[in-house]
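See below for the structure under consideration.
Residue numbering restarts at 1 for every chain, and letters A, B, ... go by the order of the sequence lines. Heavy atoms only: backbone and side chains are in, while hydrogens, waters and symmetry mates are out.
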There are 2 protein chains.
Amino acid sequence: MKPDALRGHLDALLLATLDGRQLHGYAIIEALQQGSGGALDLPTGTVYPALRRLERAGHVVSDWSTVGGRKRRTYRLTSAGQRALNAERSAWRQFTTVIDGVLGGDGKWAQA
Amino acid sequence: MKPDALRGHLDALLLATLDGRQLHGYAIIEALQQGSGGALDLPTGTVYPALRRLERAGHVVSDWSTVGGRKRRTYRLTSAGQRALNAERSAWRQFTTVIDGVLGGDGKWAQA
DNA sequence: CTCTATAAGTAGGAGCGCTACATATAGCCT
DNA sequence: AGGCTATATGTAGCGCTCCTACTTATAGAG
């Protein structure tokens, strides 16, 4: 998958990954790897700044802890973040419907 | 739909719009409007530069004509563009599958 | 004592889509 | 005659985001 395809959808992925659980940055990256069957291998330089953005936006909050001598910054959704996630999910639905419609066209290639 | 969601997928839309027919820029914008049920209303400042990029990339070629006193630049796919369109379509499939998987998660919200 | 895994971060760049503006013709309405 | 709308193409420059590359630090394996 071309790296920039995520543009504009990364927030949704991060929020969804934090839905119902709290994870630190490194664990989020691993969760996305596993949750995507290995298709998503996001670099730290993408994820960490994105989490900061989400925190600035009030969608997540973080707490520091130390586990096994290593510092962790653990994130969890705020209620605003939960609402944002719902919005992202419905926006994603709309988005794929629209693009599918254009790409699918008249059924020339559709097979599903 | 948030405007930047298109990032990375605009080429696919333009190539798909030109699949099997030749259109000029203005007509492409209208075709996308109709083909998306009004959801896509791309500004000329987005479409024209994108068409130039596609032409530079060898995916489309253009010819000038004059119709009703107005100049038109009509685009059509090259064979490389046709291949690129196929690639974009399968990339889109992969992309949506991956994101759907992450957003859908464990079925908490999936309804389809 | 080095190498890998774990863990977080910054600096800087590329590139794309957008806003806003400029240009030009045809046709309609007043 | 003048203005307005639709048709048609284009550029300049901005903002943002994701990426590459690098830095820092600890624990454990070999």
Side-chain angles (χ1 to χ4, degrees), chain A residues 1-15 17 22-34 36 39-57 59-60 62-75 88 91 95 98-99 102, chain B residues 1-15 17 22-34 36 39-57 59-60 62-75 88 95 98-99:
Chain A
M1 167 156 35
K2 79 170 81 150
D4 277 12
L6 290 181
R7 276 189 178 273
H9 308 286
L10 179 59
D11 289 4
L13 294 179
L14 296 176
L15 294 174
T17 304
Q22 36 186 342
L23 294 172
H24 56 103
Y26 197 84
I28 292 176
I29 293 173
E30 288 182 322
L32 281 170
Q33 263 176 36
Q34 290 167 3
S36 68
L40 292 175
D41 189 13
L42 304 185
T44 67
T46 292
V47 172
Y48 290 123
L51 288 169
R52 307 301 228 78
R53 278 201 302 270
L54 288 175
E55 187 160 32
R56 260 203 323 264
H59 293 161
V60 300
S62 62
D63 304 291
W64 283 98
S65 60
T66 303
V67 177
R70 292 189 195 92
K71 283 182 178 169
R72 285 180 178 175
R73 185 172 199 163
T74 301
Y75 292 88
E88 292 277 9
F95 177 66
V98 169
I99 307 298
V102 174
Chain B
M1 166 153 39
K2 80 170 77 147
D4 276 12
L6 289 182
R7 273 189 177 272
H9 307 286
L10 179 59
D11 288 4
L13 293 179
L14 295 177
L15 294 174
T17 304
Q22 38 186 342
L23 295 171
H24 56 105
Y26 195 86
I28 291 175
I29 293 174
E30 289 182 322
L32 280 170
Q33 262 176 38
Q34 291 167 1
S36 67
L40 292 175
D41 189 13
L42 303 184
T44 65
T46 291
V47 173
Y48 289 121
L51 289 169
R52 306 302 226 82
R53 279 200 300 273
L54 288 174
E55 186 160 33
R56 260 203 322 266
H59 293 161
V60 301
S62 64
D63 304 289
W64 284 98
S65 60
T66 303
V67 176
R70 294 189 195 91
K71 282 182 180 170
R72 285 181 178 176
R73 186 172 197 163
T74 301
Y75 292 88
E88 292 277 9
F95 177 66
V98 168
I99 307 299

Can you check whether [X] has a side-chain N or O nearer than 4.0 Å to OP1 or OP2 of [N]?
X	N	value
A:Arg52	C:dA8	no
A:Thr44	C:dA8	no
B:Arg53	C:dG17	yes

Over all strands shown, is [X] touching base, sugar-phosphate only, or nothing at heavy-atom distances under 4.0 angstrom?
X	result
A:Gly69	sugar-phosphate
A:Gly25	sugar-phosphate
A:Arg72	sugar-phosphate
A:Leu42	nothing
A:Arg73	sugar-phosphate

Expressed as a whole number of angstroms, how long is the span from [X]:[atom1] to [N]:[atom2]?
X	N	atom1	atom2	answer
A:Leu54	C:dA8	CG	P	15 Å
A:Tyr48	C:dG9	OH	C1'	8 Å
B:Arg70	C:dT23	CZ	P	19 Å
B:Leu32	C:dG17	CG	P	13 Å

I'd like the 5' and 3' limits of the part of DNA chain D contacted by chain B, with heavy-atom contacts below 4.0 Å.
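Contact boundaries, 5' end first: D:dA6 to D:dG15.
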Is there side-chain contact between A:Val47 and A:Leu32, with heavy atoms separated by less than 4.5 Å?
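Not in contact.
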Is the shortest side-chain heavy-atom distance between B:Leu10 and B:Leu42 below 4.5 Å?
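Side chain of B:Leu10 against side chain of B:Leu42, heavy atoms only: contact under 4.5 Å found.
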Closest nucleotide among C:dA14, C:dA5, C:dC18 to the A:Arg7 side chain:
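The closest nucleotide is C:dA14.
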Dot-bracket for DNA chain C, please, read 5' to 3', with Watson-Crick or G-U wobble pairs under 3.5 Å on both distances, ( ) within the strand, [ ] crossing, | other strand, . unpaired.
||||||||||||||||||||||||||||||
Which label fits A:His9 and A:Phe95: parallel for a plane angle under 30°, tilted from 30 to 60°, or perpendicular past 60°?
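Taking A:Phe95 first and then A:His9, their aromatic rings sit tilted (interplane angle of 30° to 60°).
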With A:His24 as reference, evaluate A:Arg72, A:Lys71, A:Arg70 under the side-chain contact (heavy atoms from CB on, under 4.5 Å) test and give the passing residue.
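With A:His24 as partner, side-chain contact (heavy atoms from CB on, under 4.5 Å) holds for just one option, A:Arg72.
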Without swapping roles, check the side chain of B:Glu88 against the backbone of B:Asp11 for a donor-acceptor pair under 3.5 Å.
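No; judged by distance alone, with no hydrogens or angles, the pair does not exist.
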